[in-house]
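Following: one structure in structure tokens, then a few remarks.
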Amino acid sequence: MTLRIDVVTIFPDYLAPLDLSLIGKARRDGLLDVHVHDLRDWTHDRHRTVDDTPYGGGAGMVMRPEPWGEALDEICASEPGRTPHLIVPGPGGDRFTQAVAERLATEEDWLVFLCGRYEGIDERVYEEYAARYPLSVLSLGDYVLNGGEVAVLAMTEAVARLVPGVIGNRESLVEESHTGGLLEYPVYTKPPVWREHAVPEILLSGDHGRIARWRHEQRLERTARRRPDLMRDYQQQQDGQGWDA
Ligand SMILES: Nc1cc(-c2ccc3ccn(Cc4ccccc4)c3c2)n[nH]1
């Protein structure tokens, strides 16, 4: 089943990069089915209003529930027999990680992203749709964006590239950062010496077994140095496998 991705936003042009490069090619090859929707298409006033002042006062504006309700009712009914997984980027969401990207890419065949803006979306939209569909609030990280579009671009790229056929050489997926819980190893190409920096001799040896071991050691060393948190998780995972294996 082709992965379908719907994105609802008041800035559809923000999602134009999804027409480019590998994602764009995957769409043209029919590997991905991406639909970007302008939330204002579900407004009915002359100004196409999507926001209003917050109950209880406070700065900023809140996204009105009605346009979201009409948009999501229509979009989520557009594939009879299929159930969408709704994803709302938010600073207070669960962390979006490689493991989450892998789970979404393997277990879901339809993602509907809701891009908030202003101070966020009226809470009743979450209540209404969490009761009807799987709904996840996901955070890219502990920093504050102005809206969900940038997060959706990142999440869509992270998930789409795991879909078979989107990335030509799947072998390259194996040795990447965060695959298997470790950071990536250093990479080199010609020339063999550049500004007095030589490529590590091992990589010119042609001994593929030793090269693979060296690369794994580099991944361990880098992860231990840069991300001790990932290293602890990796060691626990290895210990667990040790007992089970
Ligand atoms: N990881 C991550 C996600 C976001 C995010 C996502 C969607 C929205 C919609 C409005 N805002 C602005 C906002 C900032 C803070 C508090 C409430 C709303 C958003 C921020 N920031 N950081």
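As a basis for the values below, the full set of heavy atoms in this structure was taken, side chains included, without hydrogen atoms, waters or symmetry mates. Each ligand, and each atom within it, is numbered from 1 in the order the structure gives. Every value quoted in this text rests on a predicted model; they were computed, and no experiment measured them.
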Could you tell me, for ligand 1, which of its N or O atoms are under 3.5 Å from any protein N or O, listing the pairs and their distances rounded to 0.1 Å?
from	atom 1	to	atom 2	distance (Å)
ligand 1	1 (N)	Ser139	OG	3.2
ligand 1	1 (N)	Leu140	N	3.1
ligand 1	1 (N)	Gly141	O	3.2
ligand 1	21 (N)	Leu145	N	3.0
ligand 1	22 (N)	Tyr143	O	2.6

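Clustering of Ile, Leu, Val, Met, Phe, Trp and Tyr side chains at separations under 4.5 Å places Val199 together with Tyr188, Ile202, Leu203, Leu204, Ile211, Trp214.
The shortest heavy-atom contact between Met231 and Leu220 is CE-CD2, 3.6 Å. Listed here is the closest heavy atom pair of Gly148 and Pro89: O-CG, 3.8 Å.
Phe113 places none of its side-chain heavy atoms less than 4.5 Å from the side chain of Leu15. Side-chain contact between Asn146 and Arg117 is present, with at least one heavy-atom pair separated by less than 4.5 Å.
With Glu184 as reference, Arg222 is the one residue of Arg222, Arg227, Arg215, Arg219 to meet the salt bridge (charged side-chain N to carboxylate O under 4.0 Å, His left out) rule.
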